[in-house]
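First the structure, in the form of structure tokens, and then the observations on it.
We use all heavy atoms of the structure for the numbers below, so side chains are in, but hydrogens, waters and symmetry mates are not.
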Amino acid sequence: MKIIKEIKRRRGRIVSGFSALLVILYFSFFPFLFPSCASIGNPTGGAFDTIPPTFIRSKPAPNSIRFSGNKMELLFDEYINIEKPSEKVIITPPQNKMPIIRSLGKKVLIELKDSLISNTTYTFDFTNGIVDNNEKNAIEGFTYAFSTGDVVDSLVVSGLLLNAENLEPMPNIMVGLHSDLADSAFTTLPFLRTSMTNDRGQFWIRNIAPGTYRLYALNDLNRNYKFDQVKEDIAFYDSPITPDFIPAIRMDTIRIDSLTIDTIKEIQYNRFIPDDIILYLFKETADNTQYLSKFERPTDRQLIFRFNSTQGLPPKIYLLEEDFPNENLTDLFIPEYSDDKKNITYWITDSLIYKQDTIRVEANYLMSDSLNNLIPVTDTLRFVWRNREAAKKNTKKGKNSEEKINFLKIDCSAKNIMDVFDTLKITFSEPVIDFDFDKIKIQQKVDTLWEERKFPIVGDTLNPRVFYVEHTWPYEQEYRITIDSAAIYSIYGNWNDSVGTQFKFYSEKDYGNLYVKIIGGEGPGFGELLDNSERVICKSVLTDEELAFEDLKPGNYFLRYTEDINGNGKWDTGNYAEKQQPEKVYYFQSALTISKYGSHEQDWDIKQIPIEKQKPLDITKNKPVVKQPKRTEQKNQNRQQNTGRSNSMRGQSIPGLGNRIPGI
């Protein structure tokens, strides 16, 4: 027994030693067997991901015919979402009942709630609504089409939509076709086929049947596919269009790498026309809708009426008080108009009226009805004023405290150094009475002495508190203006404190001039110099085919020209009922630099450069949105698996799947 135990003991030592040796060998060679696990560190996150999801297949297949179901399923290569399907998914022809469109994993599920029209091609234009689940990369212009008949219509119309007033590319605006060529179709019938502009204002209307159509753009506020609200922006093409296609060739470059070209192939394709249409979006003037938008009493002595337009103004107002007759209120109110004449402030002159907490007024004015016709209306309005803060202050005052004088405030636009084209403007805080212009003294400095000058002072035609000094100011001269204390009284008995200021004007050497010869213009027009924010700096009317901008401050300016067809000195919008397009505007393609004491001459053919390429990018507001890509490793690996399939499809055109249409 002892011999047997000793054998087992020694055998155990041998086994244990052998096991230990195996463990040592295992951990010694493990890193070489699995090299990818040997290095431990922070993950790099992979390359930047900018690739949108890829369409794989659908049920029914794209461009299927004789479809009669009500459910569709679209599969993509990764998890996706649909952003704002009710806004971004455009269905053509429109459905009376909105279908259910949702994402589920890698799928888009569509369930129709309305019946389909026989022998019709249907298009689901997802615009940029389909995005990947993580990085939100969107498939631009993706569409899905099928037909309930034997043929899938395949013609395409494309173009560009610009803001008529400033040539900004207009994104997310509906563009549609009518086969009914009557003018009333746009206002009474939904579009036959539609699409939506992308972030660069481009549009493609796909799956069009052969025929003749009228083309429109519509900012469809109520989503009914027709122009039935005056607040909706619109555009219309002057003449009917007939979609077609012509054979064309494009060059396809295949590269070995970013520097080496492998081959250049000629690819034959069908070019769909027209593909160069430009539409100009505008909103018809808001002055054709009139209503009282607001009334208020900001101080005890002011009643303010705010209207939507100037039609039928001023209103007739009557006090609903027994102590005052309601026939003539000229002596009780002084009107003050805003610059656009839509707002009217009535200054109350009688203290028996403005000391009342509540003033009841009957206002008679014109208002637009549901058919946009002006009808007379009568409103009874209550203007309430409760000056609780003033009452508290009066309560806190002691009997011996002195009451602070409420001076008539005066604001003078004079500055230390002024431009020769500036206007000297004097504004009072309240309407004034018995304005004696002699009490405003203006003196010019001659050598070391001040000599008095007499310049005309005129009142503003809209605002009884504003006055202007009419004078053409010379270069490099120095002036001062003074108003003595108690020289001017307001209608409420308040007088002014003494005021005075000194000012001088820039030298002629501080300015530059610009003279622009306009080529290719039609009729009268005017030019405007703009700053970087597109604010108008100065304006010049076309005279003998030339725009003259003088006394300009040194700097960079942008130039815009408007063909002023009616010669009223302002840009005019269009009118669909009268088939009137908005007045055309043009932009000089780059900034103009003006230097001190120099004259710059420029010839400008306003039609030499295509209109869509004129506006400088520096002042273009609707620039394409550049999304910041995110890092992802798994998605790039998925892309590598699809590389072979993507290369094999290079240069092919798959109708109905949102491919780029040549021409823009």
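Using a cutoff of 4.0 Å between basic side-chain nitrogens and carboxylate oxygens, R560 and E528 are scored as salt-bridged. Under a 4.0 Å N-O distance rule, the pair D484/K439 does not qualify as a salt bridge. One finds no salt bridge joining K509 and E476 here, because no Lys/Arg side-chain nitrogen approaches an Asp/Glu carboxylate oxygen to under 4.0 Å. A salt bridge does not link K570 to D564: none of the charged side-chain nitrogens sits closer than 4.0 Å to a carboxylate oxygen. No salt bridge links K283 with E165; every basic N to acidic carboxylate O contact stays at or beyond 4.0 Å. In this structure, K615 pairs ionically with E168, as a charged nitrogen and a carboxylate oxygen lie closer than 4.0 Å.
Without hydrogens or angle criteria, D510 side chain to S507 main chain gives a donor-acceptor distance under 3.5 Å. In terms of modelled atom types and a separation under 3.5 Å, the side chain of E470 and the main chain of P456 share no donor-acceptor contact. Q580 contributes no side-chain N or O that, together with a main-chain N or O of G574, makes up a donor-acceptor pair within less than 3.5 Å. One N or O on the side chain of S338 and one on the backbone of N343 form a donor-acceptor pair closer than 3.5 Å. Although no hydrogens or angles enter the test, the distance criterion places no donor-acceptor pair under 3.5 Å between the side chain of R214 and the main chain of H178. In terms of modelled atom types and a separation under 3.5 Å, the side chain of S158 and the main chain of F203 share no donor-acceptor contact. Between the side chain of D419 and the main chain of D422, no donor-acceptor pair closer than 3.5 Å is present. In this structure a side-chain-to-backbone donor-acceptor pair under 3.5 Å is missing from T310 to K342. In this structure, the side chain of S413 engages the main chain of T423 through a donor-acceptor pair within 3.5 Å. For the pair S490 (side chain) and L408 (backbone), a donor-acceptor distance under 3.5 Å is absent.
Between Y506 and W473, the ring center distance fails the sub-6.0 Å criterion. For Y216 and F186, the gap between ring centers is short of 6.0 Å. Ring to ring, Y511 and Y597 are not that close: their centroids are 6.0 angstrom or more apart. Taking the six-membered ring for Trp and the full ring otherwise, the centers of F236 and Y576 sit less than 6.0 Å from each other.
We find the CG-OG1 distance between N308 and T289 to be 6.5 Å, quoted to the nearest 0.5 Å. Atom CD1 of I537 sits about 8.0 Å away from atom CG of L530, to the nearest 0.5 Å. Expressed to the nearest 0.5 Å, how far CG of L167 lies from CG of L281 amounts to 12.0 Å. Rounded to the nearest 0.5 Å, atoms CG (L552) and NE2 (H600) are 11.0 Å apart. Between T345 atom OG1 and Q302 atom CD the span is 6.0 Å, to the nearest 0.5 Å. The line from OG1 of T472 to CZ of F421 is 13.5 Å long, rounded to the nearest 0.5 Å.
Around NZ of K454, the count of heavy atoms belonging to other residues, nucleotides or ligands within 6.0 Å exceeds 12. Heavy-atom neighbours of K517 NZ from other residues, nucleotides or ligands within 6.0 Å: at or below the threshold of 12. By the 6.0 Å contact criterion, NZ on K584 is open, its count of non-hydrogen atoms from other residues, nucleotides or ligands being 12 or less. Heavy-atom neighbours of K607 NZ from other residues, nucleotides or ligands within 6.0 Å: above the threshold of 12. Around CG of D544, the count of heavy atoms belonging to other residues, nucleotides or ligands within 6.0 Å does not exceed 12. In the displayed structure, Q589 atom CD is contacted under 6.0 Å by more than 12 heavy atoms of other residues, nucleotides or ligands. Atom NZ of K539 is surrounded by more than 12 heavy atoms from other residues, nucleotides or ligands within 6.0 Å. Environment of CG in N416: sparse, with no more than 12 heavy atoms of neighbouring residues, nucleotides or ligands closer than 6.0 Å.
Judged by the 6.0 Å distance and 45° axis criteria, R453 is not positioned over the aromatic ring of Y479.
Considering every non-hydrogen atom in both F558 and N532, the closest pair reads CE1-OD1, 3.2 Å.
Every salt bridge (Lys or Arg N to Asp or Glu O under 4.0 Å) that K88 has, sequence neighbours left out, goes to E83.
When the options E452, Q477, E451 are evaluated for a side chain to side chain donor-acceptor pair (under 3.5 Å) with Q444, the one that passes is Q477.
N566 and D572 form a side-chain donor-acceptor contact under 3.5 Å, judged by distance and modelled atom types alone. Using modelled atom types and a 3.5 Å distance limit, the side chains of E140 and N198 yield no donor-acceptor pair.
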